[in-house]
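See below for the structure under consideration.
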Amino acid sequence: MDNTFGEKSRQNFRIEIENKNTIIKEITDFDLEQTLECGQCFRFYKQDEEDYVVVAFNKLLHIKQSGNQLIFFNTEKPDVENIWIPYFDLERDYNEIKSFLLKKDSKLEEAIKEKWGIRILNQEFYETLISFIISQNKQIPHIKQLVRRISEEYGEYLGEVNGERYYSFPDVKTLGTITEEAFREMKTGFRAPYLYDAAQKLATGVISMETLKGLNENETRDKLISIKGVGEKVANCVMLFSLGFREAFPVDVWIKRIMESVYFNGEDTPKDKIQLFAKEQYGEYGGYAQQYLFCFGRENKVGTKK
DNA sequence: TCCCAGGTTCCCT
DNA sequence: AGGGAACATGGG
């Protein structure tokens with residue numbers, strides 16, 4: 001398979017088929033809940049402990065983790081291999097990533113120990129872009145709500161799990177038909193003109209995986225920031241979560257607080273200084289460090305006054 | 001009622 | 001150049 005996301009060392013899990021389900025066995029360094037709930041994606045719906053519905057790449061997935069087994073309900077093996085293994089980044093060696101980070105910086109120990117099972121998802125580019133434009137100045141439940149609303153209005157019906165209906169995220173062609181006014185009617189507020197600009201650039205092909213191909217980190221970021229409503233932070237999220245730039249280090253209010261608390265003696269520090277520090281400290285593993293810190297820090301309210 | 005949210009833009013020194 | 005308010009909407 002074409003390897004878009006850099007070198008991966010193959011993990012030694014096994015894929016088996018039982019009834020209509022496909023099961024991955026002996027999986028390591030992976031926890032479904034930690035991976036889905038750490039704020040990198042917005043299209044997951046908790047059914048039960050370690051039991052989720054996920055919508056991505058025009059597919060509906062019902063998935064459950066049981067120890068070191070991952071059960072893909074009603075899913076054919078080719079879909080697991082071609083869509084979900086890349087999506088969940090299961091072929092990458094996270095043990096190596098964690099060892100690298102721990103050796104480099106013992107301050108990450110607590111975060112990595114607690115959030116040991118995070119993987120960085122490889123999400124669909126245009127959906128990630130639209131989602132993170134929505135994310136500005138909003139809380140995660142609201143973001144989920146808006147992405148779902150847009151999907152129900154403009155996406156395709158995918159199916160039903162536990163009596164709930166699910167819709168795909170609209171493709172770029174459909175996004176291109178949504179007017180600024182229509183985005184406003186979706187309750188996107190002041191983001192409506194931003195979403196409209198992004199949708200137009202996607203639909204007309206001004207911005208696409210194709211036009212971004214071959215660009216380096218800074219070129220890609222600049223291209224993304226040319227979209228109205230996309231700044232440094234949103235661009236970095238899109239690059240990290242959908243374009244394979246694992247060195248990208250999004251600095252939001254949480255990461256700012258957390259980094260100030262862990263590395264800057266709790267003192268107010270400009271975002272660009274944090275950005276620079278992260279680049280020197282974690283290098284090409286910046287994105288991983290960011291997720292461990294973000295997820296751990298947010299849950300434990302690091303740097304906030306209680 | 002007030003405050004803030006995985007920010008960005010715009011307007012002001 | 002750099003700081004700060006404004007921007008819709010929803011929930012605590």
Side-chain angles (χ1 to χ4, degrees), chain A residues 34-44 111 115 118 120-121 123 127-150 152-153 178-201 207 221-243 245-246 248-262 267-276 278 286-306:
Chain A
Q34 289 178 8
T35 296
L36 290 174
E37 303 271 6
C38 71
Q40 58 177 325
C41 88
F42 307 105
R43 295 283 277 160
F44 62 93
K115 298 297 178 183
I118 289 179
I120 295 184
L121 300 172
Q123 302 181 65
E127 175 175 346
T128 310
L129 174 62
I130 296 289
S131 299
F132 277 93
I133 290 174
I134 290 172
S135 79
Q136 60 188 84
N137 229 62
K138 275 211 164 300
Q139 300 181 109
I140 291 172
H142 298 156
I143 305 164
K144 288 185 71 175
Q145 202 175 67
L146 278 178
V147 176
R148 182 167 197 166
R149 190 175 297 154
I150 290 172
E152 284 174 349
E153 188 72 23
I178 306 177
T179 62
E180 184 178 324
E181 199 45 48
F183 273 121
R184 225 174 271 284
E185 282 166 21
M186 300 272 97
K187 305 295 180 194
T188 56
F190 64 86
R191 304 163 193 77
Y194 304 161
L195 293 168
Y196 177 72
D197 186 50
Q200 288 305 305
K201 286 192 166 81
I207 305 264
R221 188 178 295 109
D222 288 346
K223 191 98 179 167
L224 291 172
I225 288 176
S226 74
I227 300 166
K228 216 177 292 175
V230 177
E232 194 99 352
K233 190 270 174 182
V234 170
N236 278 321
C237 283
V238 173
M239 291 169 68
L240 176 59
F241 300 137
S242 75
L243 294 173
F245 286 91
R246 298 310 172 95
F249 190 92
V251 180
D252 61 25
V253 286
W254 279 102
I255 275 295
K256 183 170 182 293
R257 274 199 291 262
I258 293 161
M259 295 294 281
E260 284 166 354
S261 165
V262 177
E267 286 164 21
D268 190 41
T269 311
K271 281 184 169 186
D272 54 349
K273 192 171 174 187
I274 293 175
Q275 195 84 247
L276 207 61
Y288 302 106
Q290 198 270 6
Q291 277 308 102
Y292 291 122
L293 284 168
F294 176 83
C295 197
F296 174 82
R298 202 166 63 104
E299 190 168 283
N300 296 285
K301 304 202 182 311
V302 172
T304 60
K305 314 179 197 66
K306 305 262 165 72

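Because the structure is a prediction, the values reported are computed rather than measured. Below, read A as the first sequence line, B as the second, and so on, with proteins coming before strands; counting in each chain starts at 1.
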Sequence-distant partners of [X], side-chain hydrogen bond (donor to acceptor under 3.5 Å, both in side chains), two or more places apart:
X       : result
E180(A) : R184(A)
E37(A)  : Y52(A)
R221(A) : E217(A), N218(A), N236(A)

Return the CD to OG distance between Q123(A) and S242(A), rounded to the nearest 0.5 Å. 7.5 Å
Got a sec, which residues hit salt bridge (Lys or Arg N to Asp or Glu O under 4.0 Å) with [X], two or more places apart in sequence or on another chain?
X       : answer
E152(A) : R148(A)
E260(A) : K256(A)
E185(A) : none

Rounded to whole Å, please give me the gap between [atom1] in [X] and [atom2] in [N].
X       : N      : atom1 : atom2 : result
F132(A) : dT8(B) : CZ    : P     : 12 Å
I227(A) : dT9(B) : CD1   : C1'   : 15 Å
K256(A) : dA5(B) : NZ    : P     : 12 Å
I134(A) : dG7(B) : CD1   : C1'   : 14 Å
I255(A) : dG7(B) : CD1   : P     : 12 Å
F294(A) : dA5(B) : CZ    : C1'   : 11 Å
D268(A) : dG3(C) : CG    : P     : 10 Å
K271(A) : dT8(B) : NZ    : P     : 6 Å

When all nucleic acid strands are considered with a 4.0 Å heavy-atom cut-off, which category describes [X]: base, sugar-phosphate, or nothing?
X       : value
E232(A) : sugar-phosphate
C41(A)  : nothing
G229(A) : sugar-phosphate

Hunt down any stem DNA chain B takes part in, defined as 3 or more consecutive Watson-Crick or G-U pairs whose two distances are each under 3.5 Å. B:2-5 with C:9-12, B:7-13 with C:1-7
Which comes earlier along DNA chain B counting from the 5' end, the contact point of K228(A) or that of W254(A), where each point is its nearest nucleotide?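 By nearest-heavy-atom nucleotide position, the 5'-most residue is W254(A).
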Partners meeting ring pair (Phe, Tyr, Trp, His ring centres under 6.0 Å) with Y292(A) (sequence neighbours left out): none
Its contact letters, B for base, S for sugar-phosphate only and - for none at protein heavy atoms under 4.0 Å, make nucleotides 7-12 of chain C read BBBBS-
Can you check whether F241(A)'s main-chain N or O pairs, donor with acceptor, with Q40(A)'s side chain at less than 3.5 Å?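 Absent.
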Pairwise C1' distance, dG11(C) and dT8(B) [rounded to whole Å]: 23 Å
